[in-house]
Every structure is written in structure tokens, then in C-alpha cells.
Amino acid sequence: MDMPSYTDEQLSHIWESCLSQLKSAISSLHFNSFITALTLKDFKDDVVYFTLPDPFTLSFIEKNYHDIIRNALILVTKRYLTVQFFEASKYEEQREEKTKFEEESFETHLNKQFTFDSFIIGNNNRMACAAALAISDTPGTAYNPFFIYGQSGLGKTHLMHAIGNQIMANDPSKKVLYVSSETFTTEFIDAITHKKNDIFRNKYRNIDVLLIDDIQFLSKMERTQEEFFYTFNALYEANKQIVISCDTPINKLEVLEDRLRNRFAMGLIADVQAPDYETKVAILNQKASEKDLEVDNEILDYIASYTGENIRELEGVINHLSFALHQGREITMNLAKEALKHIAVNDLHEITAGVIIDDVSRFFNISVEDLMSKKRTKELVFPRQIAMYLCRTLTEMSYPDIGKAFNGKDHTTVMHACEQISKQVETNPDLQRTMDEIKRNIKSEESFH
């Protein structure tokens with residue numbers, strides 16, 4: 001819920017209650033000389049504003065009694081607050097300047113390229129994406145907090161930025177902040193070192209949406225965990241949306257405080273798993289399109305077969321192809337192999353005509369001898385044409401080379417076979433699925449034993 005507006009009478013009552021606590025905690029000399037000089041001016045967005053008569057008194061209060069005053073206010077109001085002090089004669093001017101500076105210096109740190117339109121949905125992330133879309137439409141009410149977990153490089157950060165960008169698109173007045181937990185820690189340490197705690201807390205508590213990445217980084221930072229706990233509570237109580245990502249499930253964050261784990265579990269938890277083969281191909285198509293690259297399906301298929309679970313690897317291969325193209329090179333299977341040699345998870349075995357013939361024969365349950373024979377029955381011609389087509393698309397073999405591999409077939413026979421299969425693949429989804437399965441078998445490690 002939003003911070004309530006207080007009348008002058010209510011403000012006076014709050015301050016009187018605080019004074020009674022302060023009087024017992026502060027020496028009478030300092031209480032009468034400094035604390036009684038404070039004037040509570042306003043509450044706004046969890047910030048309490050005070051004025052003091054002169055610069056000396058202001059400096060003394062900030063240095064010696066800042067935390068005591070703030071803690072008394074928190075106890076009375078039951079809200080986690082921050083306080084700011086101003087010289088009375090400059091209150092309006094300085095507060096206006098400070099507010100303007102904070103608003104102008106606020107950065108969302110959102111990557112505009114990470115949107116829902118550029119996010120490929122697959123079986124591995126469908127639930128997480130559906131929840132993210134719901135949050136974008138009704139932040140703070142649908143699922144709060146939203147906890148996403150999964151291994152590095154599976155799209156969690158993309159999804160977080162997509163949430164932030166969509167919320168901003170729906171309502172540009174929203175204050176959305178994306179930050180890594182490492183950055184949160186660094187800023188907190190800097191605030192302590194340079195006595196800028198109020199500025200730090202104002203930044204994180206006066207926003208509408210907090211997207212915090214890699215929360216596992218806080219696992220060994222006890223004081224930062226405490227600060228984040230209070231930040232979390234302040235935002236949650238004000239119905240502000242919180243989205244958290246982590247590389248492990250909540251119950252695996254053993255070093256994280258129980259009270260934080262309990263807070264994270266209050267909303268919705270969704271995992272992002274490794275992409276399956278089809279999703280990887282879709283991601284490659286998307287990345288290639290973003291780079292205005294035309295890449296043959298066979299090459300994309302090959303890349304998907306030999307990369308691991310990390311989506312960033314897919315993007316890295318596409319970047320390699322794009323760079324090579326700008327260097328005047330042609331995007332070929334050999335170029336894809338070159339791009340993969342440093343990151344390939346599966347062994348890059350050489351695909352030969354013999355490997356293809358063996359796998360096609362096995363798939364159609366016919367002997368290699370029959371496939372290579374001159375018999376022209378329908379049961380043999382079709383698999384033979386598929387094998388020739390795969391030799392042409394998965395290797396660098398020429399038509400005459402393929403003909404020689406098939407017991408001296410004429411190169412025109414090979415050309416005809418490739419043209420026939422190519423046309424059918426474009427119009428027959430069942431054949432396309434068959435081809436995909438055969439190619440996966442060819443590229444799998446088992447095919448080479």
C-alpha cells in the first residue's frame with residue numbers, strides 16, 4: 001500500500017511519540033540543545049523530512065543522531081523509513097533541487113533489445129514466460145515476488161529485462177530498476193563508506209519495480225542481506241513489484257538467511273530449463289534474423305546439434321558468422337565448424353558419405369548393399385535419394401563426388417535426387433520431421449561408433 005498522507009496534527013502526534021523515546025536515549029543537554037531544534041516538515045514516499053535552524057546543528061544531528069532518530073520513527077510508524085535534514089531557510093529550494101537531481105539521475109539500466117518479442121518461447125521456459133507477461137500487465141498484484149531460477153545462460157536476464165521494458169511501455173511514468181545483486185552490494189558498501197545511506201535507501205525504496213539479478217551473490221554478505229531484507233519489505237508492503245533471479249532453487253541457497261528465503265517463497269517460483277533442440281534452432285533463426293543473415297537450415301541444424309545448453313553460445317556462433325560475412329567470406333558448413341571448434345559440447349566428428357549411408361539404411365531398415373545397389377524399387381529409391389541429398393547438404397562433396405560414393409552413379413542422377421528431395425522437404429512437414437530425425441542421428445555421437 002502507498003504511504004499515507006498525514007495532517008499537521010498527525011505529524012505532530014508522531015513526532016511527540018518519537019521525542020518521548022529519544023528523551024530517554026539521549027543526554028538532556030544534547031536533547032535540549034539539538035533534538036528540540038528539529039522540526040518535522042513532511043512524510044513522502046517513505047521519506048521523513050526535517051528542518052534545523054542552522055548548518056552547525058544540522059551537521060551535528062546528521063553525524064551523531066541520524067540513526068537514533070530514524071529508528072524511533074520506524075518504531076512509531078511501523079514502517080521502514082529514511083530521513084533527510086535541511087536547513088530551515090533553504091528547505092524548499094534544496095528539497096526541490098534534490099528531488100529533481102534524483103529523478104534526472106535515475107537510470108533503469110534496462111536493455112531495450114531484451115523484449116518479449118525477441119524472447120523465444122519453448123517447453124523449457126513456457127511457464128516462466130507466461131508469469132512474466134502477467135506481471136507486466138499488472139505489476140505488484142499478479143505474482144509478487146516473482147522468483148526465477150535456472151543455470152546461467154538460459155534466458156533469465158532476458159526475461160527480467162522484458163518484464164521491465166513491457167511495464168515501461170504500458171506506463172512510462174513507472175520507475176523500473178534492473179540491477180545485479182553484485183551492483184546492489186557495491187552501492188551499499190559505497191553508501192556506508194561515504195555516509196550516503198539515505199540516498200541509497202531512497203533510490204531503492206522509491207521505485208515501482210525492482211528487478212534484481214543473481215541473488216545468490218548475496219549468500220555470503222550478511223550486512224547486505226539485512227539491507228536487502230528491509231528493502232524487500234518496504235517495496236512489498238507498498239505493493240511494488242519485485243522480480244528475483246537465481247542460478248539455483250530457493251532451498252539450495254543454504255547460506256542465505258531463512259527470513260529472505262521465506263520472503264522469496266511468498267510469491268511465484270518458476271524455473272527456466274535448458275532449451276530443447278527445436279527451441280535452439282528457433283533461437284538461432286531469431287539471432288540470424290537480427291543480424292540480417294541468411295543461413296541455410298542445414299547449417300543452423302548443425303550448430304544446434306553441437307552446442308550446449310547455454311543460449312549465449314548460440315549467439316556467439318551467429319556473431320562469428322556475421323563477422324566472417326563482413327570479412328568477405330561465405331557462410332558455409334566449414335565456417336560453422338570453425339565457429340564451433342572452441343565451444344562445441346558434442347565432439348565434432350567428420351560427417352562422411354559412409355556415415356550418412358549407414359544411418360539412412362538403419363533408419364529405413366534396409367541393408368547398405370540394397371541402398372547402394374542398382375535396384376529401382378520405390379522402397380529403395382526414396383531412401384537412396386535422401387542419402388544423396390544429405391551428402392550434398394551435410395558435407396562439402398560435389399555431385400560427382402557423391403555419385404562416386406554411390407557405386408559410380410552419374411552426377412545428373414545425384415542432381416535429380418537432390419532436387420526431388422529439396423522440393424518435397426519444402427512442402428511436406430512429415431518429410432521435414434523425418435529429415436530432422438535422420439540428421440540428429442547422423443550428428444549424434446552414437447553414429448560414429
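None of these values were measured; they are calculated from a predicted model.
Remark: Gln420 pairs with no residue by the side-chain hydrogen bond (donor to acceptor under 3.5 Å, both in side chains) rule, at least two apart or across chains. By the ring-ring contact (aromatic ring centres under 6.0 Å, His included) test, His320 is found to be paired with no residue, residues two or more places apart in sequence or in another chain being considered. Listed by chain and residue number, nothing satisfies the salt bridge (charged side-chain N to carboxylate O under 4.0 Å, His left out) test with Asp213 (two or more places apart in sequence, or in another chain). Residues forming a side-chain hydrogen bond (donor to acceptor under 3.5 Å, both in side chains) with Ser367 (at least two apart in sequence, or on another chain): Asp370. For Phe228, the ring-ring contact (aromatic ring centres under 6.0 Å, His included) criterion is met by Phe184, not counting sequence neighbours. In terms of the ring-ring contact (aromatic ring centres under 6.0 Å, His included) criterion, Phe146 has no residue partners (sequence neighbours excluded). For Thr279, the side-chain hydrogen bond (donor to acceptor under 3.5 Å, both in side chains) criterion is met by Asp276, not counting sequence neighbours. Remark: Lys404 pairs with no residue by the side-chain contact (heavy atoms from CB on, under 4.5 Å) rule, at least two apart or across chains. Residues that satisfy the ring-ring contact (aromatic ring centres under 6.0 Å, His included) test with Phe217, not counting sequence neighbours, are absent from this structure. In terms of the side-chain hydrogen bond (donor to acceptor under 3.5 Å, both in side chains) criterion, residue partners of Asp214 (sequence neighbours excluded) are, by chain and number, Gln216. Every residue two or more places apart in sequence or in another chain that forms a side-chain contact (heavy atoms from CB on, under 4.5 Å) with Ile311 is listed here: Pro275, Ile283.
Cation-pi geometry between Arg384 and Phe406 is not met at under 6.0 angstrom from the ring centre and within 45 degrees of the axis.
Side chains of Phe363 and Pro383 form no contact here, defined as non-hydrogen atoms less than 4.5 Å apart. Looking at Tyr302 and Lys439, their side chains never come closer than 4.5 Å, going by heavy atoms from C-beta outward. Counting heavy atoms from C-beta on, the side chains of Ile331 and Ile299 come closer than 4.5 Å.
The salt bridge (charged side-chain N to carboxylate O under 4.0 Å, His left out) analysis of residues 412-432, with sequence neighbours excluded, yields the pairs Asp430-Arg433.
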Q | Test side-chain hydrogen bond (donor to acceptor under 3.5 Å, both in side chains) applied to Ser173 and Asp171, step by step | A | CA-CA 5 Å; Ser173 69; Asp171 185 356; 2.6 Å; yes
Q.
Is there a side-chain hydrogen bond (donor to acceptor under 3.5 Å, both in side chains) between Asn428 and Gln432? Walk through the geometry before answering.
A. CA-CA 6 Å; Asn428 187 336; Gln432 177 65 66; over 6 Å; no
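Relative ring orientation between Tyr236 and Phe232 is described as parallel, the plane-to-plane angle staying below 30° on a 0-90° scale split at 30° and 60°. Aromatic ring orientation, Phe382 versus Phe364: perpendicular (interplanar angle above 60°, classes split at 30° and 60°).
Under the 3.5 Å distance criterion, the side-chain polar atoms of Asp271 are left unmatched by any main-chain donor or acceptor of Tyr149.
The pair Glu62-Arg70 does not meet the salt-bridge criterion, since no charged nitrogen lies less than 4.0 angstrom from a carboxylate oxygen.
At most 12 heavy atoms of other shown residues, nucleotides or ligands fall within 6.0 angstrom of atom CD in Gln151.
Of the inter-residue distances, the one linking Lys174 atom NZ with Thr108 atom OG1 reads 15.0 Å to the nearest 0.5 angstrom.
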